[in-house]
Visitor: 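A single structure is presented below for examination.
Atom set for the values below is all heavy atoms of this structure, side chains included, hydrogens, waters and symmetry mates excluded. Below, read A as the first sequence line, B as the second, and so on, with proteins coming before strands; counting in each chain starts at 1. Note that the structure is a prediction, hence the values are computed from the model and not measured.
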Amino acid sequence: MKLDHSYYLGNNVVKIARNLIGKILFTHFEDVTCAGIITETEAYAGIRDKASHAYGGRRTARTSIMYHQGGVAYVYLCYGMHALFNIVTGPSEVPDAILIRAIKPFYGEDKINVRLEKSQVKHGIIEGPGRVSKALGIKVIHTGVDLTGNMIWLGNTGINIDPQDIICSTRIGIAYAEEDAQLPYRFNLSKRLAEVLKES
DNA sequence: CGTACGATCTGCT
DNA sequence: GCAGATCGTACGA
């Protein structure tokens, strides 16, 4: 059920980002477990990707966790108020990461709704990376958390997803990345399958 | 030390 | 559809 360390060590971050669609993201804070099915991801391909925080080998206090071996969390603050949750992948010293942009609530919806306050879940999916973190209780201090531990982890559903149900497109909010903004590094579940999942 | 701005979200028009 | 919120981080002086 729980994805183990080897899952995160592959050096093809785009492939992992695609594979994460349909996996379940769990959190366990304050004695409460919540979970959501991942429906949207974006890959950030280390030092060669202008959209990545590690572009050109940039390495600062904030981004140093990206150089850790895959399987830990990278959470950072965006626009001064949103904690964005990323999954670090690849071998040590390869700063690849995957941003989780949307989930479908799967477990602990009561707590999720409390955390989201006024902005409740619409059409069954929590869209927007800031809202995903808010819903699951993930904060900047969770940077570095081991994703095979008991605070944040990922699991398999056992549901098989047809490759045709994964839509690939360009990433959002990275105009500064110039030509790399055109890379097909964003993945989401097709509307059709999202509807099916909504039923379950 | 100063400053510009972001892997965004919400509420108002 | 658009502007405002809101502040840590990065980078240059």
Visitor: Validate the cation-pi geometry between A:R48 and A:Y55: distance from NZ or CZ to the six-membered ring centre under 6.0 Å, angle to the ring axis within 45°.
Guide: no
Visitor: Using Watson-Crick or G-U wobble geometry with both distances under 3.5 Å, which nucleotide pairs with B:dA7?
Guide: none
Visitor: Would you mind telling me which of B:dG6, C:dG8, B:dA7 lies closest to the side-chain atoms of A:L77?
Guide: C:dG8
Visitor: Looking at A:E42 and A:R171, does any basic side-chain N land under 4.0 Å from a carboxylate oxygen?
Guide: no
Visitor: Kindly point out which of B:dT8, C:dG8, B:dT10 is positioned nearest to the side chain of A:R131?
Guide: B:dT10
Visitor: Calculate the interatomic distance between A:R58 atom CZ and B:dA7 atom P; express it in whole Å.
Guide: 9 Å
Visitor: Would you say C:dA10 has OP1 or OP2 under 4.0 Å from some side-chain N or O of A:T60?
Guide: yes
Visitor: Expressed in angstrom and rounded to an integer, what is the separation of A:N86 atom CG from B:dA7 atom P?
Guide: 10 Å
Visitor: Identify which nucleotide among B:dC9, C:dA5, C:dT9 has an atom closest to any side-chain atom of A:H82, counting heavy atoms from C-beta outward.
Guide: B:dC9
Visitor: Identify whether the distance between the nearest side-chain nitrogen and carboxylate oxygen of A:E127 and A:R101 falls below 4.0 Å.
Guide: no
Visitor: Using OP1 and OP2 only, check whether a side-chain N or O of A:Y176 sits under 4.0 Å from B:dA7.
Guide: yes
Visitor: Tell me: CZ of A:R59 to P of C:dC11, nearest whole Å?
Guide: 15 Å
Visitor: Between C:dA3 and B:dC5, how far apart are the two C1' atoms, rounded to whole Å?
Guide: 16 Å
Visitor: From C-beta outward on A:M81, which listed nucleotide comes closest to its side chain: B:dT8, B:dA7, C:dT6?
Guide: C:dT6
Visitor: Establish, with yes or no, whether the OP1 or OP2 oxygen of B:dA7 is under 4.0 angstrom from a side-chain nitrogen or oxygen of A:R101.
Guide: no
